[in-house]
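Below is one structure, written out as structure tokens, with a few remarks after it.
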Protein chains: 2
Amino acid sequence: MADSVALDPVDLHILRLLQNDARSTYRELAAEVGVAPSTCLDRVTRLRRSGVILGDQLRLDPAKLGRGLQALLLVQVRPHRRELIGPFVERVRALPESRALFHLTGPDDYLVQVAVADTADLQRLVLDEFTSRREVARVETRLIFQQWDCGPLLPPGEPVRP
Amino acid sequence: MADSVALDPVDLHILRLLQNDARSTYRELAAEVGVAPSTCLDRVTRLRRSGVILGDQLRLDPAKLGRGLQALLLVQVRPHRRELIGPFVERVRALPESRALFHLTGPDDYLVQVAVADTADLQRLVLDEFTSRREVARVETRLIFQQWDCGPLLPPGEPVRP
DNA sequence: CATGAAAGAAATTCGAT
DNA sequence: ATCGAATTTCTTTCATG
């Protein structure tokens, strides 16, 4: 399920174009790649079914929705046992403030990216949803000054390892 | 530009639906929300122009593209001055391995999420692109065991702060 | 697998309200 | 601002190579 998939140059070209603009039409893709629109549809359908393309996500601006402050929370969960971390993960994922959650190596077990209205809202979140929980041993809060999207996962010209 | 935007219940309903499925048609949105498809188009166009909707992103599975290992790099840049960090940020953004970049408060100035093939690839990346740079004072590498998407930024029923 | 033509569906325009 | 009908454009199917 997580194994590499065979991708030919047409697939790679299509993926690069869709990473630049996920709303490209099959007609546009076809014109750029040099195949028929129906072939593009076929390729994209296959890429979706094979799991290379996971889906389309709408990107919203949190600041425009009254969530102008973002932070990363480094969380230690103790004891770090399955029966505790399962519910912890699900609870954090369900918080409306949560944007992403990582299970990490290193001194902090989890990293949570959150979007909140202001520092008071952040304080409430940390106190009520994290430090007040018995399984949470420690929370370190780091504000996000700025964030950047990076280039496409498949940069132009890079081959894919088989 | 980062100020909150006035959103009425129709806008919120549309945003919630599009967060669940960014590929919903205006016809589908219209049926759910209770307005005409052309009105939905109008609303969504407006939401895009006002910056609430930033765009659509294609989500790819890094593992299927030969990048089965992800990590977070906590980076100290010294001295932390504008003439150094501008180029640093642009260089990191341009790396094909980079997925996201944050400027943070706290002891580490930057956090970089990277996707690589394996630990050897990660070692090469850290040594060649980070620790070998003069402006990089320290890099702490943490592997990502697992990551989760979180719920929508706009959960059902939540009002938006004005 | 890829194609082009045809059919079906969606996006978009626009005059009216 | 919204509507709905008309138009344009896209998506999808499918018989064929």
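What you see below is based on every heavy atom in this structure, not just the backbone, and it leaves out hydrogens, waters and symmetry mates. Just so we're on the same page: letters track the sequence lines, and every chain starts at 1.
A donor-acceptor contact shorter than 3.5 Å links the side chain of R91(A) to the backbone of E129(A).
Set against dC10(D), dA2(C), dA10(C), the side chain of R27(A) has dC10(D) as its closest nucleotide. Minimum atom distance to the side chain of Y26(B) is reached by dT12(C), of the listed dG4(C), dT12(C), dC3(D).
Here dG15(C) presents its P atom at 16 Å from CG of D42(B), a figure rounded to the nearest Å. One interatomic measurement links the two molecules: CG of L7(A) to P of dC1(C), which rounds to 12 Å at whole-angstrom precision. Atoms CZ (R23(A)) and C1' (dA10(C)) sit 12 Å apart, rounded to a whole Å. Distance CZ (R43(A)) to P (dT3(C)): 9 Å, rounded to an integer number of Å. Atom-to-atom, CG of L41(A) to P of dG4(C) comes out at 15 Å; the value is rounded to the nearest Å. Computed from coordinates, the L29(B) CG to dA9(C) P distance equals 18 Å when rounded to whole Å. As a whole-Å value, the separation of D8(A) CG from dC1(C) P is 8 Å. Rounded to whole Å, atom P of dA2(C) lies 15 Å from atom NE2 of H13(A).
Here L60(A) contributes atom CG and L18(B) contributes atom CG; the two are 8.5 Å apart, rounded to the nearest 0.5 Å. With rounding to the nearest 0.5 angstrom, the CD atom of Q113(B) is 10.0 Å from the CG atom of L73(B).
Where V10(A) and E28(B) meet DNA chain C, the nucleotide closest to each residue was compared, and V10(A) sits on the side nearer the 5' end.
Between R81(B) and E83(B) there is a salt bridge, since at least one side-chain N of the basic residue sits less than 4.0 Å from a carboxylate O of the acidic one. D56(B) and R48(B) are joined by a salt bridge, as a carboxylate oxygen and a charged side-chain nitrogen come within less than 4.0 angstrom of each other.
Contact annotation for S38(A): base contact, defined as any heavy-atom pair under 4.0 Å involving a base atom. Note on T25(B): only backbone sugar-phosphate atoms sit closer than 4.0 angstrom, heavy atoms only; bases stay farther off. Residue R46(B) is in sugar-phosphate contact alone, with no base atom involved, counting any heavy-atom pair closer than 4.0 Å across all strands shown.
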